[in-house]
Asks: 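Quick one: structure below, then a few questions.
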Protein chains: 2
Amino acid sequence: MKLEVLTKSENKEVQKEIISKIRDLIDFKNLEPGDKLPSERMLSEKFGVSRSNLREAIQRLEFYGLLKSRPQSGTFIADIGPIAMKGMLKDILELETPDFKSLVETRILLELKTCRLAALRRTEEDLEHMKKALDAFSAKVNNGEDAVQEDLLFHLSIAKASGNSSMNTFMLIITPEIITNFEKYHVCDVNRAALGIQEHNDIFEAIKKQDPKLAKEKMKVHFKMLYQYCYNIE
Amino acid sequence: MKLEVLTKSENKEVQKEIISKIRDLIDFKNLEPGDKLPSERMLSEKFGVSRSNLREAIQRLEFYGLLKSRPQSGTFIADIGPIAMKGMLKDILELETPDFKSLVETRILLELKTCRLAALRRTEEDLEHMKKALDAFSAKVNNGEDAVQEDLLFHLSIAKASGNSSMNTFMLIITPEIITNFEKYHVCDVNRAALGIQEHNDIFEAIKKQDPKLAKEKMKVHFKMLYQYCYNIE
DNA sequence: CAAACCAAACTGGTTAACCAATTTAGCGAA
DNA sequence: TTCGCTAAATTGGTTAACCAGTTTGGTTTG
């Protein structure tokens, strides 16, 4: 008999099942902030899953700030009341992987903000960083080469200059997904790229002269085509 | 001789070192999309770290979409060119954990958008979900009890109704951090909570009548105090 | 000579054994 | 009875062994 191997998506489902079982446990035992969960060994046996799978699920819930595990001590409920815990677990379990439209929508939202913040907070070092990325982009485009990577790096340099590491993180998360989709669907063409140089320059200058309103305006212009695309794909 | 145990932050530093070593390897070997990395065993030996630590680092880079690992085959460079790869690795290594101000700033940005989107896209099911959360909040407040959890769940129900799973995910990530800080610094007091009922109601009604502009306006009102707080803590 | 094939080595994933710090329970002295 | 101390059990984390596909190189066969 051949043993069936689990695909990645199936494995993710397994993790969701474990999380829902943890939720049931928390619910049934009325666990409150600071309370200790049973040990990993015990839970893995009780749930009929491997300890490593269980650990992954716990680490996922740690990522969302719902659990805290202390070495040689145990895993504990974080400082979140039972009601919020239950609601958040429900939301996490119902989360679906973002579609392309959601990603683009979120990117636009984030970038219109990061460029404003960058205009307000950019340091001289940030400016240098952005200028470098800008020049690299222009050079590639003027050479007739594909410059998706350089485009991306310029936008990430703005995110960094925003001084908001939370938005910076989110930009880093969604960006790769977006550029692979861009390349797949050929959203950017070569003619656009030439226009892009001017648009990038405008954004850079606005940030340089610390004019947040203008920076946002120029970013909006830059996103005009993307914006239309985003609202036409469905 | 006593063996020094690694704290969590030190462990994170170890992971960063591994990632920087992976970056050096990619750089030195000029690895391009589709190229295979050396095996985990080989790398862990070469870097002088445990395989599990190395695996964690690889999984982190998988999370950011830079690497892809296939079972029984190997770990590969994702569809991201060398320039973007190098730039993103640099950004990831320089990422710092978000401070409270960044979190609040990001939350405000996200929620002003999610409530607009919710007004445009909410289903009847979403409305029910929101109404439930709203009633639970009101009940708690009218009882003179602390209602931070219910407040949180109402806002998350809006994020869900926005139909943008990317923003929904981000809200889930930053929310727990925020509420623990709120409780720590006592941002919310009881008098505010009573006012909060009316404000929540206004937001809900605006979303119900599918008026995105009004929804955003009411959310802004709701955030007024938070907004001031956010820009006064530094 | 080329294509089909087979076995050995290699790979990421999984499981089980191990470790050191922590907690706990029990014993003993005051 | 109470406080202090020690040793054993428990814990999350780590390391090493194992597994089942995949790849690869050489051999065989038509």
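The shown structure was predicted, so the numbers you read here are calculated from the model rather than taken from an experiment. All values below were derived from every heavy atom in this structure, side-chain atoms included, with hydrogens, water molecules and symmetry-related copies excluded.
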Asks: Determine which pairs satisfy side-chain hydrogen bond (donor to acceptor under 3.5 Å, both in side chains) with at least one residue from residues 25-40 of chain B, sequence neighbours left out, and list them in order.
Replies: Glu40(B)-Arg51(B), Glu40(B)-Arg55(B)
Asks: Applying side chain to side chain contact (heavy atoms under 4.5 Å, CB included), can you list everything that pairs with Glu45(B), at least two apart in sequence or on another chain?
Replies: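 Glu45(B) satisfies side chain to side chain contact (heavy atoms under 4.5 Å, CB included) with no residue once adjacent residues are dropped.
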Asks: Between dG13(C) atom C1' and Leu43(B) atom CG, what is the distance in whole Å?
Replies: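 Distance, rounded to whole Å: 16 Å.
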Asks: Using a cut-off of under 3.5 Å, enumerate the N/O to N/O pairs linking the protein to nucleotides 7-12 of chain C.
Replies:
unit_1	atom_1	unit_2	atom_2	d
dT11(C)	OP2	Ser39(B)	OG	3.4
dG12(C)	OP1	Thr75(B)	N	3.4
dG12(C)	OP2	Glu40(B)	N	2.9
dG12(C)	O4'	Gln72(B)	N	3.2
dG12(C)	N7	Arg41(B)	NH2	2.8
dG12(C)	O6	Arg41(B)	NH2	2.5
dG12(C)	N2	Gln72(B)	NE2	2.9
dG12(C)	N3	Gln72(B)	NE2	3.4

Asks: Could you check whether any side-chain heavy atom of Phe170(B) comes within less than 4.5 Å of a side-chain heavy atom of Leu109(B), counting everything from C-beta outward?
Replies: no
Asks: What integer distance in Å separates Glu56(A):CD from dT14(D):C1'?
Replies: 16 Å
Asks: At 4.0 Å (heavy atoms only), tell me whether Ser50(B) reaches a base, stays on the sugar-phosphate, or touches nothing.
Replies: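 Sugar-phosphate, no base atom in range.
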Asks: Output the rounded distance in Å from CZ (Phe76(A)) to P (dT23(C)).
Replies: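 Roughly 7 Å, once rounded to whole Å.
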Asks: Lys90(B): what forms a salt bridge (charged side-chain N to carboxylate O under 4.0 Å, His left out) with it, not counting sequence neighbours?
Replies: Glu94(B)
Asks: Output all residues satisfying salt bridge (charged side-chain N to carboxylate O under 4.0 Å, His left out) with Lys131(B), sequence neighbours left out; order by chain, then residue number.
Replies: Asp135(B)
Asks: For Lys140(B), which residues count as a salt bridge (charged side-chain N to carboxylate O under 4.0 Å, His left out) partner, sequence neighbours excluded?
Replies: Glu150(B)
Asks: Taking atom C1' of dT15(C) as reference, at what distance in whole Å does atom CG of Asn53(A) sit?
Replies: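 Whole-Å distance recorded here is 11 Å.
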